[in-house]
Every structure is written in C-alpha cells, then in structure tokens.
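Structure first, then comments.
Every number for a ligand or one of its atoms is a count from 1 in the order of the listing. Sequence positions, counted from 1, serve as the residue numbers for this chain. Just the heavy atoms: all of them, side chains too, but no hydrogens, waters or symmetry mates, feed the values below. The model shown is predicted, which means the values in this text are computed figures rather than measured ones.
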Amino acid sequence: MTFAADAMPDWVEVNGERHPLPEDLSRPATHFLREHLKLTGTKVGCGQGDCGSCTIVVDGEPRYACITPVARLRASRVLTVEGLAAGSPCGRRLQQSLLAHQAVQCGFCIPGMLMSACAAIDAGRVRDRADAEAALDGVLCRCTGYRKIVDAVLDVAIDAAPRPLTLPDDSIAVGRPLTRLDGEAKVTGTDHFGADGIPAESLHLRAVRCPHPRAGFAFGDLQAFVQAHPGVLRVFTHADVPGRNVHGVAPPYADQPVLPVDEARHHLEAVALIVGEADAVAALDLATFPITWTPMPALADVDIAARADSPLLHAHRPANLLIEGMVQRGDAEAALRDSALVVTGRFESSFVEHAYLEPEAGWARRTADGIEIHSPTQAPHPHREELARILGVAPEQVRVVPTAVGGGFGGKLDMTVQPLLAVAAWHMDRPVALVYTREESMATSTKRHPARIASSMAADAQGQLLAVTFEGDYNTGAYASWGTAVANRVPVHAGGPYRIPHYRARARARHTHVTSAGAFRGFGVPQTAMSQEQLIDELAVRGGWDPLEFRLRNALRPGDTLPTGQVLDDSVGLVACLEALRPHWQAARARGGDAGPRERRGVGLAAFFYGCGNTALPNPSTVRIGLRPDGTLVLHQGAVDAGQGANTVIPQIAADALGIPLARLHIVGADTHLTPDCGRTSASRQTFVTGRAAFLAGQALLGKLRHMAGADETAPVHFGEDGVEVAGVRLALAELPVDAQGYALKSEERFDPPTTLLDQDGQGRPYAAYAFGAQMAEVLVDLDTGRVRVRRVVAAHDVGRMVNPTLLQGQVEGAVAQGVGMALMERYEPGSGNNLHDYLIPTVRDVPEVETLFIEAPTALGPYGAKGIGEPALVPTAAAILNAIHHATGVRVREAPATPDAVLRALADAASRPFTSTGKV
Ligand code: FES
C-alpha cells in the first residue's frame, strides 16, 4: 500500500485495536509491541531474523518482528499471540491442539510457531504434513524436536477431530499423560520469561566487554565518561563488588570473577558495567569508553595448555589442569595384551552451543533488607548462596525468583546476568535490568566440552568384553564451571553399559582462553559415547557378531558390578530395551544398502547407562506440603521447570502420595522465599530426587493426620471439600493454631539419594540409580556431497516408571533433535559466529521420525519407581548416527560433527588406505 506524503496514516491496528505509530519509526516492531504496547508475548530470541520466535502476522502474512521496522506496520493489521484466539479463525484451536499434543516445552518459541502456523492455515496453505513443515520452517525450537508441533498444526489444518486435553480428574495421576499444567500461559503469550516482567521504572545495564581472546586492561577517567553522557548514571568495576569478587558452581573450585581486576580471560568477558536510562545506555558508542586493552597470548587447545611453558589461567593449577577423574578396576593393560580381539581409536568433538531460544535476561532491585533477583535459572537456591557471597550478606537477604525458563539444557545452571544485576542494583535506588543480545549470550555462556579421546577395548574370541582403557581430555575454558562434574562423571561412564572386568578410565578438564565449557545435557557423556559406542561396534564387526547381539551379550543386568565396584540393584532395564529394539533393528538391517546410485542407506545402534543425580556428592531436595484450616492443600515445590515438565510431574507424584485428585492441590512454584531447596534442575534428578521428596512429604502429612486422629498408620485419610476425615472421623483443623504461612499442619521432607565418595581408584557408589537405554538410527549418506540425513530413530528407554508418558516422549524427541545437531552440524567456534545463522541447529526439516519405546524397571528409591530421562535421552543419539554412517559407507568418522566435509574426508582417507584384515589391530 502506498500513500501520498501528506496523507500518510499514522496508525497501526494491533489485535483489533488501533494505535498511533510511535515517533521513531526505524526501531523494530518488537520494540513497539513489547515496550510501548506491553505485548510481551512476542519474544526476541536473536534480534537478527534467524530464530523466528518473534513472528507476528502482518496483513495475513508472517513477519519477523525483530527485523521489521515500525514504519512497515503503518496502516496494517497486526496479529500477535495475545490476539490469536480472537483474531484468527484457527487461533484457539491451534493453541488447544498444541497443548493436547504435548507440543509445548519451555514455550519460548511457541508464540512464533503459533503465528507462523495460523498465517499459513488461514491462507489455506496447509494441506498435508509437508505443508505444515513448510509453514514452521522459519521458526526454531530447541526443546521439542518439532514433531508434536507439526502433528498439532496438521490436525487443525485438515480439520481432524480435535485431540482432547488430558486434564486432572479423580483418578490416579502417576502414569497419565496429563497436559502440562503450566501450558495455557505458554500458548497465550502470558508466561513471563526473563525479559518480560521488567518494571517500567528500571534502569538498564550494558556491559563493557573484552574484544580479544585474552587481554590486560586499564580504565581511564570513568567519572568523566559518566558526566559526558546524559542519562548514564554510574559505571561499576571490580572495585564495586561489595563482597567476594568470585563465583562458581562448586565452591572449592570457584574461580570466576564477577568483574576481572586487570585481565580478561576470554572473548567478550564483561569487565565493567554501565547503568543508566534505557535509551541513553542503548545509544552509547562503547568505542568511546575509557579503557586501554593490551592483547596477550591466548591458549585455545588443551594439548598446548598442558605444556610447561604455557601461561597459566589460574596460578594454582599447574599445566592448566582443573581436575582429573579416574576409575580403575582389574588390570586393563594386561587384559588388552592377552585378548583375542582389540580395537583402538581416537576421537575428537567440538564445542556445542546450548542455543536455548531465550537469551539470558532479568532484573534486580534492593529490598528493605537485601536484594531480589528475577531471572531464568535452573538453580535458584545455589544462586542465592553465590549471590549472598558476592554481596557480602546472609543468604536469607537474597531472594531469587525464577522467571519462566526459555530453555536451559544445563546452560542456565551457571550465573550469567545475575551477578552483574546484583552488583549494579545493590548500589542503585531503582531496579536494574539486563537483557543479553544473542551475541552476548553465545559468546559468554557455557558450552558442551570438546573431547579429545583415546581408547582401547578388548574382547575374547567368544564375544565377551574383557577390558577398556580410556584417556579423555576435555577443554573446560577459562573458568571451572562444571568441568569438575564432567571429569568425574565421564570415567564412570566411559565403558558404556557393559560388564567389564578390567577397566581404567581417566578424564581431565583443562583450562584455555575461551568461554567456559559447563553443563550441557549429559555432562560429557554424549560426546564420550560417540567415541566408545563406535569402538563397541567395531569390536562386533571385527568379531563377526551382530552389533545388537554383541551388546546384549555384554549388557549390564541386575546384580552386575560396575567398574566402580558398585553392585547394581534390580532397576536395570537394558536387556529389555535392546530386546525391544531387536525387531526394528532386524527390519532396518534388512533394508540396508543402496538407496540410489550414489546414496547409501545405513543403520546404527548405541546403548548407554546414565547415573541420575550428582556424581558421588550430596544431592538433596526438600518439598513442603501445607494444610490450611479449610482443608486446602498447598504443594511448595522448588524444582525449576525449564520445559521438561517438573511443574506437572512433581504435582502428579504429590497428589498420588496424598491420595487426592490433582486438581485439589494448590501449587507454589520455585522462589527461594516460598519454596524449600529442591537443588538444581540438572543431572536428570528432579523427577527422581524432588519427586521422591514430594512422595515422602505427602506420606508424612498423612502420617501426621493419622497421629492427630489417634488412628493407626493404615487408617484411610479423606480430604473432602469441607475438611479432612481420618478413618471416618472429622478432624477439627479450624481449632489448630496456624503458622506464619497460614498452615494448621504441614510436612517437609528431604530426600538425598544414597551415594558415597569415590576413592583414589574411583571405587564407591557414585549414583543411587541409573537410567538405561539404546537407540537405533537409520541414515542416508550421499557419497558425492557427504551429506547425511537421519530418517528414523527408534529409542528404547528404561525410565523406571512412566510418570507422564507424553512428557517423556517429548523429552526423547527433543533429545534426538539435539543429538542430530551434535552428530552432524553443530560446531561452536569461540570468538566468532555468535549468532543463529552461522551456528546451525536442526530445523523442522532436519528431524527424523522418532519412535519411543519405554521400559519400566522401577527403582525402589524413586517415586513410584521413576528415574530420570532428560539427559539419558540424548546420550546415545549421536553415537547411533555415527555407527549408521559406518554401516552405510564402511567408514568410521572419528570427529564430530560429521559435517559433509568430515564425511568426505573420511571417505577419501579410507579409499587411500590399503585393506587390512580383521583381528587384533
Ligand atoms: Fe520450543 Fe522451548 S519449546 S524452544
């Protein structure tokens, strides 16, 4: 539409309401929608038109609001997620369909998905699955694996009978595929992520960051800088940190300054904070900031970092070694020497970016006696402790209020914006807000550790696995972060889920001058599995055994002993997982071979075990349930839901423990002032550990009620609409005194899974429960381009007990998508490519068909037998894909990602090598 200059309309219609255009028409539509109209349902994931989270509908067409200037909205009809239900014929059905298909996890991408889908459906462009995928192609999701979203969109587009929501009713909740309890806010755009609830009166913070991989620095006249820039109020440096200028997830290893004193150890590390009015701070040209940089030699490679003449990142860590973990049992070297069949391999993987769609963001303010911080975090209580040390106050003076978390996968366990906000807000009398750009997020957040692995495995002539040796070096970057957890977990898992009498595994985490590597779904085990499951495969191939049957023969069973000396209990479902895969495996193997003149079909397999919870460390969660005099039951559960479903699963467990319909339970979510410490959302521990604490709290409350009634411990307890009866006798709750929270009675139970420290040989009980499983991947490999496409994955997982089957499926499908990315395309290069067009993650077009098979081998420790799934689901995927590439081509790819270049290199390398016979190699 064009207009004469003097007749230019000055309005835009948003969700049916006409608004005047703002003064500055050059700013992106996201700014107008979010800041002027307070429509924060439109999310900003990248600000560069890469991720699609900000998709809105403009005159019927989907548009990325982050790269659409407001001028383009002139006289247009704009629809955002807030107006979707009323503004699109398919809007409400689409929202309901996504919920019914359990297609929503963290929810950050969901407004973009909904708006893209509704534009296509309303225009009649979605007639089949391919159309639905095309409609969603411009929107990234890092959680779901896309398939459930496509299913949900397709149902609406073809007018299928609507799938009903699975709502809480009077039946037992555990085992039901309940629609997530926090889903409605995620499909209507009313959920508040880190950048969504910032108070209007907030000051804004901008960090001054190091432009070099390593540099010394000195400040100039900071006061003059402030005075020269109206609207800028303060500049903070390390000297303004009121308490300890250091933090880290493991206190004995804490080494990360809030703001360094005179040397930055990685690219874009923050060294100073500028605080002022939002527009003034945004308009600053940081090239004028008074700082002098002195670039210094930087280390990027772990082998170079280990040299005696390399600079030390931390003076007390010789050879830049953060930590070495080790497990040994038997005599692995002798067994390798004496075995009939030995395989040896080297493997290398790259940094992998979490690429959660929500960049880190939040705000903080001073309170009467301390500080309050609102941000997406996977670790509210641990952050409270760390922030208290930084501010030099008691932990009770810090309130951490987690916002909705737009994806975490381990990356929001570490503090990012929080210490910067805390220090700035401590000195100001107004709230302070900080929203990372995508570049800041990617350049400064933790990554998956790159691994450099050398390993050997041996078997006897009958196919019995005898020995494993393993040496792994993991690049942990500038600061400790979770390097300790990776180096301790990997040696336990390096042999895979097999009986191995002779074993020696060592893993080292070493510092370099790049952003820290930390926790990323699996703590080093997925990249280790890519190496080790290829060696297992190689043993099978060289021995002439079917890879599945070889794994089955050596698979861990109840009563077996791990290399740590731990004897497994009954909760070992690996054999059942492999047997469940067998028919799929045999059918896929029968399909193998040529798919075209220059295309090969292949199928690969990988198995795993995974310890739930921290490695050989205390790991407690505490859950409270309160009973009000009117019979209202309130669950205080502090497990953060980063999309995985804790907000639904923990209440399911608690409701069944109390014997009440889930709808009777009022839920208070994570907030350090309102909920007890449920530890971190990490290590696949929340269903297992917090779930168990919720179960115990429910049982304890029943016990208290029975005691109060003088009834025996099996007496029935009935929570009615108007009170509580025990063995048919009504309790006089109203006569009881109430506590500060208004409870007449409450229970608070703590569960800490029984583990022990590991001795110097890595012997002990590092985990109380293990998840088991195996996945099978079918691929097509183009021999000319090296391109690999994953067509189908069948995933068999022992989850102990299914608490919520569709949430479990979602975890598996999302993990498979991340596994595809890790195997084939994701390589983070520190110092460059901090955006989502250079760093590629799987789109809706890249994900395979996924079939999930759940096995229930309950653990006596878990709630109703449940174990974890979040990380286990990712561990085998990439390994299975690499094995499938070998099956298709006969070539092993010993690096990840297996990009087309890497595959072509491996093919060329194999073609140039003479044929070698099988046997000892
Ligand atoms: Fe899509 Fe989390 S649900 S990014």
| remark: Note, atom 1 (Fe) of ligand 1 has protein N, O or S atoms under 2.8 Å numbering 2
| query | Taking the six-membered ring of Phe193 as reference, does the NZ or CZ atom of Lys43 fall below 6.0 Å from its centre and within a 45° cone about the axis? | reply | no
| SG/Cys118 to CG/Leu79 distance, rounded to the nearest 0.5 angstrom? | 5.5 Å
| Is the His354 to Tyr828 ring centre distance short of 6.0 Å? | no
| Heavy-atom pair of closest approach, residues Met822 and Ala896 | O-CB, 4.1 Å
| task | Return the minimal non-hydrogen interatomic distance between Asp191 and Lys186, and the atom names on each side. | result | OD2-NZ, 2.8 Å
| query | Does Tyr146 have Arg845 sitting over its ring (NZ/CZ under 6.0 Å from centre, angle to axis within 45°)? | reply | no
